[in-house]
Amino acid sequence: MTDVAFVLGTRPEIIKLAPVVQACQRSGIEFTIIHTGQHYSDTLDSVFFDQLELPAPDYNLRVGSSSHGEQTGEMLIAIERVLTEIDPDVVLVQGDTNSVLAGAIVASKARAELGHVEAGLRSSDRSMPEEINRIVADHVSDYLFAPTEQSESYLLDEGIPAHRITVTGNTVVDALVRNREIAHRKSTALADLGLVDTDFFLMTAHRQENVDDEKRFRDILAGVERTAKTHGVEVIYPVHPRARERIEAFGIDVPDPIRTIEPLGYLDFLRLSVAADLILTDSGGVQEEACILGVPCVTMRDNTERPETTDVGANQLSSSDPNRIVITATEMLLRDGEWENPFGDGDAAERILQALPLDAEVREVAR
Ligand code: UD1
Ligand code: UDP
(Lines give C-alpha, C1' and ligand atoms only; values in the text may rest on other atoms or scores of the structure.)
(Ligands and ions follow the chains in the order given, each with its own letter.)
Protein backbone atom coordinates (compact mmCIF):
# COMPACT_ATOMS: atom_id res chain seq x y z
CA MET A 1 0.00 0.00 0.00
CA THR A 2 1.16 3.48 -0.87
CA ASP A 3 1.46 6.05 1.94
CA VAL A 4 1.28 9.18 -0.21
CA ALA A 5 -0.21 9.70 -3.67
CA PHE A 6 0.75 12.86 -5.55
CA VAL A 7 -1.78 14.05 -8.11
CA LEU A 8 -0.16 16.53 -10.49
CA GLY A 9 -0.55 17.57 -14.09
CA THR A 10 1.19 20.81 -15.07
CA ARG A 11 4.59 22.51 -15.16
CA PRO A 12 4.30 24.46 -11.88
CA GLU A 13 2.96 21.46 -9.98
CA ILE A 14 5.90 19.31 -11.08
CA ILE A 15 8.38 22.02 -10.02
CA LYS A 16 6.75 22.74 -6.65
CA LEU A 17 6.00 19.14 -5.70
CA ALA A 18 9.51 17.96 -6.61
CA PRO A 19 10.91 18.93 -3.18
CA VAL A 20 8.12 16.99 -1.43
CA VAL A 21 8.67 13.92 -3.61
CA GLN A 22 12.38 14.12 -2.83
CA ALA A 23 11.71 14.50 0.89
CA CYS A 24 9.63 11.29 0.67
CA GLN A 25 12.52 9.55 -1.06
CA ARG A 26 14.96 10.66 1.66
CA SER A 27 12.57 9.48 4.38
CA GLY A 28 11.66 6.14 2.86
CA ILE A 29 8.01 7.14 2.58
CA GLU A 30 6.28 5.09 -0.10
CA PHE A 31 4.65 7.22 -2.76
CA THR A 32 2.88 7.05 -6.09
CA ILE A 33 2.88 9.80 -8.72
CA ILE A 34 -0.38 10.15 -10.63
CA HIS A 35 0.05 12.48 -13.62
CA THR A 36 -3.24 13.66 -15.08
CA GLY A 37 -1.64 14.46 -18.45
CA GLN A 38 -3.01 18.03 -18.43
CA HIS A 39 0.44 19.05 -19.69
CA TYR A 40 2.01 16.59 -22.11
CA SER A 41 4.36 18.52 -24.43
CA ASP A 42 7.97 17.68 -23.51
CA THR A 43 8.69 21.38 -22.89
CA LEU A 44 5.97 21.58 -20.22
CA ASP A 45 6.33 18.09 -18.80
CA SER A 46 9.13 15.54 -19.25
CA VAL A 47 11.90 18.17 -19.21
CA PHE A 48 11.00 18.92 -15.58
CA PHE A 49 11.02 15.25 -14.53
CA ASP A 50 14.48 14.95 -16.12
CA GLN A 51 16.02 18.14 -14.78
CA LEU A 52 14.59 17.79 -11.28
CA GLU A 53 15.59 14.10 -11.26
CA LEU A 54 12.13 12.87 -10.42
CA PRO A 55 10.97 9.30 -10.91
CA ALA A 56 8.64 8.85 -13.88
CA PRO A 57 4.94 8.98 -12.98
CA ASP A 58 3.47 5.62 -11.95
CA TYR A 59 0.24 6.50 -13.77
CA ASN A 60 -0.30 8.89 -16.66
CA LEU A 61 -4.00 9.49 -17.21
CA ARG A 62 -3.38 11.22 -20.57
CA VAL A 63 -6.31 13.58 -20.19
CA GLY A 64 -4.78 16.25 -22.45
CA SER A 65 -6.31 19.58 -23.47
CA SER A 66 -10.03 20.37 -23.71
CA SER A 67 -12.62 22.67 -22.16
CA HIS A 68 -12.57 23.12 -18.37
CA GLY A 69 -15.57 20.84 -17.82
CA GLU A 70 -14.47 18.07 -20.15
CA GLN A 71 -10.88 18.12 -18.91
CA THR A 72 -11.89 18.11 -15.22
CA GLY A 73 -14.58 15.47 -15.80
CA GLU A 74 -12.17 13.07 -17.48
CA MET A 75 -9.71 13.60 -14.65
CA LEU A 76 -12.35 12.87 -12.00
CA ILE A 77 -13.18 9.50 -13.56
CA ALA A 78 -9.58 8.47 -14.11
CA ILE A 79 -8.23 9.65 -10.73
CA GLU A 80 -11.02 7.82 -8.88
CA ARG A 81 -10.09 4.56 -10.61
CA VAL A 82 -6.45 4.88 -9.59
CA LEU A 83 -7.16 5.92 -5.99
CA THR A 84 -9.55 2.98 -5.61
CA GLU A 85 -6.80 0.68 -6.85
CA ILE A 86 -3.89 2.01 -4.77
CA ASP A 87 -5.76 3.13 -1.62
CA PRO A 88 -3.25 5.71 -0.32
CA ASP A 89 -3.27 7.12 3.24
CA VAL A 90 -2.73 10.63 1.97
CA VAL A 91 -3.30 12.42 -1.33
CA LEU A 92 -1.30 15.59 -1.99
CA VAL A 93 -2.19 18.23 -4.57
CA GLN A 94 -0.38 21.55 -5.15
CA GLY A 95 -1.64 24.89 -6.42
CA ASP A 96 -4.71 25.83 -8.39
CA THR A 97 -4.97 24.05 -11.74
CA ASN A 98 -7.76 21.83 -13.03
CA SER A 99 -5.63 18.82 -12.02
CA VAL A 100 -5.70 20.12 -8.44
CA LEU A 101 -9.46 20.62 -8.53
CA ALA A 102 -10.05 17.08 -9.81
CA GLY A 103 -7.54 15.47 -7.43
CA ALA A 104 -9.04 17.31 -4.49
CA ILE A 105 -12.64 16.45 -5.26
CA VAL A 106 -11.93 12.74 -5.73
CA ALA A 107 -9.62 12.44 -2.72
CA SER A 108 -12.01 14.28 -0.42
CA LYS A 109 -14.62 11.56 -1.00
CA ALA A 110 -12.13 8.69 -0.77
CA ARG A 111 -10.75 7.05 2.38
CA ALA A 112 -7.51 9.03 2.06
CA GLU A 113 -6.71 12.27 3.86
CA LEU A 114 -6.25 15.20 1.48
CA GLY A 115 -3.42 17.71 1.76
CA HIS A 116 -3.32 20.96 -0.25
CA VAL A 117 0.14 22.39 -0.76
CA GLU A 118 0.13 26.17 -1.35
CA ALA A 119 -3.24 26.63 0.34
CA GLY A 120 -4.88 29.98 1.07
CA LEU A 121 -3.84 32.00 -1.97
CA ARG A 122 -6.58 34.42 -3.05
CA SER A 123 -6.80 36.96 -5.87
CA SER A 124 -10.43 37.77 -4.96
CA ASP A 125 -11.13 37.51 -8.70
CA ARG A 126 -13.65 34.76 -9.29
CA SER A 127 -13.45 35.17 -13.07
CA MET A 128 -10.10 33.32 -12.88
CA PRO A 129 -10.48 29.54 -13.15
CA GLU A 130 -7.55 29.22 -10.75
CA GLU A 131 -9.41 31.15 -8.02
CA ILE A 132 -12.33 28.72 -8.18
CA ASN A 133 -9.98 25.74 -8.14
CA ARG A 134 -8.03 26.93 -5.11
CA ILE A 135 -11.14 27.83 -3.11
CA VAL A 136 -12.67 24.40 -3.70
CA ALA A 137 -9.40 22.58 -2.98
CA ASP A 138 -8.93 24.48 0.28
CA HIS A 139 -12.45 23.85 1.50
CA VAL A 140 -12.38 20.08 0.91
CA SER A 141 -8.86 19.53 2.27
CA ASP A 142 -8.00 17.97 5.62
CA TYR A 143 -4.47 19.41 5.73
CA LEU A 144 -3.84 22.91 4.40
CA PHE A 145 -0.22 23.93 3.87
CA ALA A 146 -0.24 27.71 3.76
CA PRO A 147 2.99 29.23 2.45
CA THR A 148 2.71 32.40 4.55
CA GLU A 149 0.81 33.83 7.50
CA GLN A 150 -1.06 36.01 5.02
CA SER A 151 -2.43 32.92 3.23
CA GLU A 152 -3.26 31.36 6.61
CA SER A 153 -5.27 34.47 7.49
CA TYR A 154 -7.38 34.17 4.31
CA LEU A 155 -8.22 30.59 5.26
CA LEU A 156 -9.17 31.53 8.83
CA ASP A 157 -11.34 34.37 7.49
CA GLU A 158 -13.22 31.82 5.37
CA GLY A 159 -13.97 29.74 8.47
CA ILE A 160 -11.46 26.94 7.95
CA PRO A 161 -10.52 25.57 11.39
CA ALA A 162 -7.02 26.56 12.54
CA HIS A 163 -6.08 22.97 13.39
CA ARG A 164 -6.20 22.04 9.71
CA ILE A 165 -3.69 24.73 8.71
CA THR A 166 0.12 24.60 8.89
CA VAL A 167 2.26 27.53 7.74
CA THR A 168 5.16 25.88 5.93
CA GLY A 169 6.73 28.39 3.54
CA ASN A 170 6.47 27.77 -0.17
CA THR A 171 8.15 24.72 -1.70
CA VAL A 172 9.24 27.01 -4.55
CA VAL A 173 12.01 28.16 -2.17
CA ASP A 174 13.08 24.54 -1.57
CA ALA A 175 13.30 24.07 -5.35
CA LEU A 176 15.32 27.28 -5.81
CA VAL A 177 17.71 26.52 -2.98
CA ARG A 178 18.38 23.10 -4.44
CA ASN A 179 18.68 24.15 -8.08
CA ARG A 180 20.14 27.65 -8.19
CA GLU A 181 23.75 26.52 -8.05
CA ILE A 182 23.04 23.59 -10.42
CA ALA A 183 21.50 26.02 -12.92
CA HIS A 184 24.55 28.27 -12.66
CA ARG A 185 26.86 25.36 -13.40
CA LYS A 186 24.87 23.45 -15.98
CA SER A 187 22.76 25.92 -17.96
CA THR A 188 24.23 27.24 -21.19
CA ALA A 189 21.13 29.34 -21.89
CA LEU A 190 22.86 32.73 -21.60
CA ALA A 191 25.57 31.78 -24.08
CA ASP A 192 23.11 29.97 -26.36
CA LEU A 193 20.97 33.11 -26.57
CA GLY A 194 23.97 35.47 -26.89
CA LEU A 195 23.16 37.14 -23.57
CA VAL A 196 26.49 36.92 -21.75
CA ASP A 197 27.31 40.40 -20.40
CA THR A 198 24.16 41.83 -22.01
CA ASP A 199 21.32 43.69 -20.32
CA PHE A 200 17.97 42.04 -20.99
CA PHE A 201 14.50 41.62 -19.56
CA LEU A 202 12.70 38.27 -19.20
CA MET A 203 8.99 37.97 -19.92
CA THR A 204 6.29 35.33 -19.59
CA ALA A 205 2.60 35.67 -20.45
CA HIS A 206 0.31 32.68 -20.66
CA ARG A 207 -2.68 33.29 -18.41
CA GLN A 208 -6.10 32.65 -19.95
CA GLU A 209 -7.51 36.11 -19.10
CA ASN A 210 -4.50 37.78 -20.76
CA VAL A 211 -3.66 35.79 -23.87
CA ASP A 212 -7.13 34.55 -24.85
CA ASP A 213 -8.31 38.18 -24.95
CA GLU A 214 -6.88 39.67 -28.17
CA LYS A 215 -6.91 43.29 -26.97
CA ARG A 216 -5.26 42.48 -23.65
CA PHE A 217 -2.61 40.34 -25.32
CA ARG A 218 -1.83 43.02 -27.94
CA ASP A 219 -1.72 45.67 -25.19
CA ILE A 220 0.73 43.62 -23.14
CA LEU A 221 3.02 43.11 -26.11
CA ALA A 222 2.82 46.84 -26.96
CA GLY A 223 3.64 47.76 -23.34
CA VAL A 224 6.61 45.41 -23.23
CA GLU A 225 7.82 46.65 -26.63
CA ARG A 226 7.75 50.27 -25.41
CA THR A 227 9.44 49.31 -22.15
CA ALA A 228 12.24 47.55 -24.04
CA LYS A 229 12.72 50.50 -26.40
CA THR A 230 12.70 53.00 -23.52
CA HIS A 231 15.52 51.11 -21.79
CA GLY A 232 17.33 49.99 -24.94
CA VAL A 233 17.24 46.28 -24.17
CA GLU A 234 15.93 43.09 -25.68
CA VAL A 235 13.20 41.04 -24.00
CA ILE A 236 13.36 37.25 -23.99
CA TYR A 237 9.91 35.63 -24.08
CA PRO A 238 9.71 31.84 -23.75
CA VAL A 239 6.23 31.27 -25.14
CA HIS A 240 3.80 28.87 -23.43
CA PRO A 241 1.83 26.79 -25.97
CA ARG A 242 -1.46 28.52 -25.04
CA ALA A 243 0.08 31.89 -25.93
CA ARG A 244 1.74 30.47 -29.07
CA GLU A 245 -1.65 29.29 -30.31
CA ARG A 246 -3.23 32.69 -29.63
CA ILE A 247 -0.38 34.53 -31.40
CA GLU A 248 -1.09 32.42 -34.47
CA ALA A 249 -4.89 32.60 -34.22
CA PHE A 250 -4.90 36.41 -33.78
CA GLY A 251 -2.26 36.87 -36.50
CA ILE A 252 -0.04 38.83 -34.10
CA ASP A 253 3.42 39.95 -35.26
CA VAL A 254 5.42 40.00 -32.04
CA PRO A 255 7.43 43.27 -32.15
CA ASP A 256 11.20 43.06 -32.58
CA PRO A 257 12.65 43.89 -29.19
CA ILE A 258 10.71 40.87 -27.90
CA ARG A 259 12.53 37.67 -28.88
CA THR A 260 10.15 34.70 -28.71
CA ILE A 261 11.67 31.31 -27.93
CA GLU A 262 10.34 27.86 -26.97
CA PRO A 263 9.43 27.33 -23.30
CA LEU A 264 12.62 26.73 -21.32
CA GLY A 265 13.52 23.92 -19.00
CA TYR A 266 13.66 24.81 -15.30
CA LEU A 267 17.45 25.23 -15.08
CA ASP A 268 17.62 27.49 -18.13
CA PHE A 269 14.66 29.57 -16.96
CA LEU A 270 16.27 29.92 -13.55
CA ARG A 271 19.59 30.96 -15.09
CA LEU A 272 17.87 33.64 -17.18
CA SER A 273 15.78 34.81 -14.21
CA VAL A 274 18.89 35.37 -12.10
CA ALA A 275 20.64 37.28 -14.91
CA ALA A 276 17.69 39.42 -16.04
CA ASP A 277 17.48 43.09 -15.03
CA LEU A 278 13.70 42.90 -14.85
CA ILE A 279 10.99 40.23 -15.12
CA LEU A 280 7.61 41.00 -16.69
CA THR A 281 5.07 38.25 -16.12
CA ASP A 282 1.55 37.09 -15.44
CA SER A 283 2.69 33.82 -13.86
CA GLY A 284 2.15 33.01 -10.20
CA GLY A 285 5.33 31.00 -9.73
CA VAL A 286 7.48 33.49 -11.62
CA GLN A 287 6.33 36.36 -9.33
CA GLU A 288 7.52 34.32 -6.35
CA GLU A 289 10.82 33.32 -7.94
CA ALA A 290 11.66 36.91 -8.95
CA CYS A 291 10.96 38.03 -5.39
CA ILE A 292 13.13 35.30 -3.86
CA LEU A 293 15.98 35.88 -6.34
CA GLY A 294 15.99 39.67 -5.80
CA VAL A 295 14.99 40.54 -9.37
CA PRO A 296 12.42 43.36 -9.76
CA CYS A 297 9.12 42.15 -11.19
CA VAL A 298 6.20 43.72 -13.04
CA THR A 299 3.02 41.67 -12.97
CA MET A 300 0.90 42.40 -16.01
CA ARG A 301 -2.40 41.69 -14.29
CA ASP A 302 -5.07 43.60 -12.38
CA ASN A 303 -4.58 41.59 -9.19
CA THR A 304 -2.27 39.09 -7.58
CA GLU A 305 -2.76 36.19 -5.21
CA ARG A 306 0.85 36.81 -4.10
CA PRO A 307 0.47 40.16 -2.20
CA GLU A 308 3.55 39.27 -0.17
CA THR A 309 5.64 40.13 -3.25
CA THR A 310 4.17 43.63 -3.60
CA ASP A 311 4.23 44.20 0.17
CA VAL A 312 8.01 43.65 0.37
CA GLY A 313 8.61 45.89 -2.67
CA ALA A 314 9.67 43.16 -5.10
CA ASN A 315 6.71 43.37 -7.46
CA GLN A 316 4.13 45.84 -8.77
CA LEU A 317 0.92 45.32 -10.70
CA SER A 318 0.74 47.13 -14.05
CA SER A 319 -2.51 45.73 -15.49
CA SER A 320 -2.35 45.19 -19.27
CA ASP A 321 -2.30 48.93 -20.02
CA PRO A 322 0.77 49.71 -22.19
CA ASN A 323 1.50 53.05 -20.48
CA ARG A 324 1.26 51.55 -17.03
CA ILE A 325 3.56 48.71 -18.05
CA VAL A 326 6.23 51.23 -19.12
CA ILE A 327 5.82 53.39 -15.99
CA THR A 328 5.76 50.42 -13.61
CA ALA A 329 8.80 48.83 -15.25
CA THR A 330 10.75 52.08 -15.04
CA GLU A 331 9.88 52.39 -11.35
CA MET A 332 10.77 48.79 -10.59
CA LEU A 333 14.16 49.14 -12.28
CA LEU A 334 15.10 51.64 -9.55
CA ARG A 335 14.65 49.01 -6.81
CA ASP A 336 17.78 47.45 -5.38
CA GLY A 337 16.60 43.87 -4.92
CA GLU A 338 17.31 43.97 -1.20
CA TRP A 339 13.81 43.12 0.04
CA GLU A 340 13.13 40.22 2.42
CA ASN A 341 11.99 36.84 1.09
CA PRO A 342 8.48 36.25 2.50
CA PHE A 343 8.20 32.64 1.28
CA GLY A 344 10.27 30.79 3.87
CA ASP A 345 13.63 29.17 4.30
CA GLY A 346 13.52 26.20 1.93
CA ASP A 347 12.30 23.62 4.46
CA ALA A 348 8.65 23.61 3.43
CA ALA A 349 8.72 20.02 2.15
CA GLU A 350 9.95 18.64 5.49
CA ARG A 351 7.32 20.63 7.38
CA ILE A 352 4.62 19.22 5.12
CA LEU A 353 5.69 15.62 5.72
CA GLN A 354 5.94 16.18 9.46
CA ALA A 355 2.38 17.50 9.62
CA LEU A 356 0.85 14.62 7.67
CA PRO A 357 -0.84 11.68 9.42
CA LEU A 358 1.91 9.21 8.51
CA ASP A 359 3.39 6.71 10.97
CA ALA A 360 5.28 8.42 13.79
CA GLU A 361 8.36 6.45 12.77
CA VAL A 362 8.14 7.78 9.21
CA ARG A 363 7.65 11.35 10.42
CA GLU A 364 10.70 11.03 12.66
CA VAL A 365 12.86 10.04 9.67
CA ALA A 366 11.48 13.04 7.71
CA ARG A 367 12.65 15.40 10.44
C1 UD1 B 1 -2.76 25.65 -16.84
C2 UD1 B 1 -3.44 26.18 -15.58
C3 UD1 B 1 -2.80 27.50 -15.18
C4 UD1 B 1 -1.31 27.36 -15.02
C5 UD1 B 1 -0.70 26.75 -16.28
C6 UD1 B 1 0.75 26.45 -16.02
C7 UD1 B 1 -5.81 25.57 -15.36
C8 UD1 B 1 -7.19 26.07 -15.39
N9 UD1 B 1 -4.86 26.41 -15.78
O10 UD1 B 1 -3.00 26.60 -17.86
O11 UD1 B 1 -3.33 27.91 -13.92
O12 UD1 B 1 -0.74 28.62 -14.79
O13 UD1 B 1 -1.37 25.51 -16.58
O14 UD1 B 1 1.50 26.47 -17.17
O15 UD1 B 1 -5.58 24.46 -14.94
N16 UD1 B 1 -1.00 22.85 -24.54
C17 UD1 B 1 0.02 22.25 -25.26
N18 UD1 B 1 0.78 21.32 -24.63
C19 UD1 B 1 0.58 20.96 -23.36
C20 UD1 B 1 -0.45 21.55 -22.63
C21 UD1 B 1 -1.24 22.50 -23.23
O22 UD1 B 1 0.23 22.55 -26.44
O23 UD1 B 1 1.34 20.11 -22.86
C24 UD1 B 1 -1.83 23.89 -25.18
C25 UD1 B 1 -3.15 23.35 -25.68
O26 UD1 B 1 -3.44 24.00 -26.87
C27 UD1 B 1 -4.13 23.79 -24.61
C28 UD1 B 1 -3.52 25.08 -24.07
O29 UD1 B 1 -2.12 24.89 -24.18
O30 UD1 B 1 -5.42 23.99 -25.13
C31 UD1 B 1 -3.89 25.35 -22.64
O32 UD1 B 1 -3.57 24.26 -21.80
P33 UD1 B 1 -4.33 24.03 -20.39
O34 UD1 B 1 -3.70 22.91 -19.65
O35 UD1 B 1 -5.80 23.95 -20.62
O36 UD1 B 1 -4.12 25.36 -19.63
P37 UD1 B 1 -2.82 26.22 -19.38
O38 UD1 B 1 -2.96 27.50 -20.11
O39 UD1 B 1 -1.61 25.40 -19.61
N1 UDP C 1 9.15 28.13 -16.07
C2 UDP C 1 10.06 27.35 -16.78
N3 UDP C 1 10.25 27.63 -18.12
C4 UDP C 1 9.63 28.65 -18.75
C5 UDP C 1 8.70 29.44 -18.00
C6 UDP C 1 8.49 29.14 -16.67
O7 UDP C 1 10.66 26.44 -16.24
O8 UDP C 1 9.87 28.85 -19.95
C9 UDP C 1 8.90 27.78 -14.67
C10 UDP C 1 9.17 28.89 -13.68
O11 UDP C 1 10.48 28.80 -13.20
C12 UDP C 1 8.14 28.65 -12.58
C13 UDP C 1 7.02 27.90 -13.27
O14 UDP C 1 7.52 27.52 -14.55
O15 UDP C 1 8.66 27.81 -11.58
C16 UDP C 1 5.79 28.74 -13.41
O17 UDP C 1 4.85 28.07 -14.16
P18 UDP C 1 3.71 28.77 -14.99
O19 UDP C 1 4.07 30.18 -15.22
O20 UDP C 1 3.45 27.91 -16.16
O21 UDP C 1 2.45 28.61 -14.05
P22 UDP C 1 1.88 29.44 -12.81
O23 UDP C 1 2.93 29.52 -11.77
O24 UDP C 1 1.44 30.77 -13.33
O25 UDP C 1 0.69 28.64 -12.40
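It should be emphasised that the depicted structure is a prediction, and the values quoted were computed from it without experimental measurement. Read the numbers this way: they start at 1 and go in the same order the structure lists the ligands and their atoms. Along the sequence shown, residues carry numbers from 1.
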State, without any angle test, whether E13 and T97 hold a side-chain donor-acceptor pair at a distance under 3.5 Å. yes
Where does the angle between the aromatic ring planes of H240 and H206 fall among parallel (under 30°), tilted (30 to 60°) and perpendicular (over 60°)? parallel
May I ask which of R242, R11, R134 has a heavy atom nearer to atom 32 (O) of ligand 1 than the others do? R242
Should we count CZ of R218 as having more than 12 external heavy atoms under 6.0 Å? yes
Check: H68 N/O within less than 3.5 Å of ligand 1 N/O: no
So, T148 versus S151: side-chain donor-acceptor pair below 3.5 Å or not? yes
Say whether Y154 and Q150, considering side chains only, have a donor N or O and an acceptor N or O under 3.5 Å apart. yes
Is any NZ, NE, NH1 or NH2 atom of the basic residue among R134 and E131 found under 4.0 Å from an Asp or Glu carboxylate oxygen of the other? yes
Closest heavy-atom pair and its distance - G265, F48: C-CE2, 4.1 Å
Answer yes or no: are there more than 12 heavy-atom neighbours, outside E234 itself, under 6.0 Å from its atom CD? yes
Structural part of T97 in contact with ligand 1, heavy atom criterion under 4.0 angstrom: both
Suppose I only count heavy atoms of L44 and a 4.0 Å limit; which atoms of ligand 1 are within that range? 19 (C), 20 (C), 23 (O)
Relative to ligand 1, is Q208 under 4.0 angstrom through side chain, backbone, both or neither, heavy atoms considered? neither
Where ligand 1 meets E245 - atom numbers and elements under 4.0 angstrom, heavy-atom basis: 25 (C), 26 (O)
Only heavy atoms of E130, strictly under 4.0 Å: list the atoms of ligand 1 that pass. 3 (C), 9 (N), 11 (O)
Starting from atom 16 (N) of ligand 1, find the nearest protein heavy-atom neighbour and note its residue, name and distance. Y40 OH, 3.5 Å
D277 and H231: side chain donor to acceptor below 3.5 Å: no
Between P263, S65, A102, S283, which one has a non-hydrogen atom sitting closest to atom 25 (C) of ligand 1? S65
Give the residue, atom name and distance (to 0.1 Å) of the protein heavy atom nearest atom 24 (C) of ligand 1. P241 CB, 3.8 Å
Just to be sure I'm reading this right: ignoring hydrogens, which of Q38, E13, M128, H39 gets closest to atom 39 (O) of ligand 1? Compare them by their nearest heavy atoms. H39
What atoms of ligand 1 come within less than 4.0 Å of a heavy atom belonging to S41? 17 (C), 18 (N), 19 (C), 22 (O), 23 (O)
Quick note on ligand 1: atoms under 4.0 Å from a heavy atom of H240 include exactly 14 (O), 37 (P), 38 (O), 39 (O)
Starting from atom 12 (O) of ligand 1, locate the nearest protein heavy atom and write down its residue, its atom name and how far away it is, to 0.1 Å. H206 NE2, 2.8 Å
Could you tell me whether E149 atom CD has more than 12 heavy atoms of other residues or ligands within 6.0 Å of it? no
We want to know whether H116 and D138 form a side-chain donor-acceptor pair, criterion being a heavy-atom distance below 3.5 angstrom. yes
Report all protein residues having a heavy-atom distance below 4.0 Å to some atom of ligand 2; order the list by chain, then number. R11, P12, I15, F48, H206, R207, P238, P263, L264, G265, Y266, F269, S283, G284, G285, E289
Less than 3.5 Å between some nitrogen or oxygen of N98 and one of ligand 1, yes or no? yes
For A349, does its backbone N or O pair with a side-chain atom of D174 as donor and acceptor, under 3.5 Å? yes
R126 atom CZ, over 12 foreign heavy atoms within 6.0 Å: no
Could you see which bit of P12 sits under 4.0 Å from ligand 1, with heavy atoms only: side chain, backbone, both or neither? side chain
Determine whether a donor-acceptor pair (N or O, by modelled atom type, separation under 3.5 Å) exists between the side chain of Q287 and the backbone of S283. yes
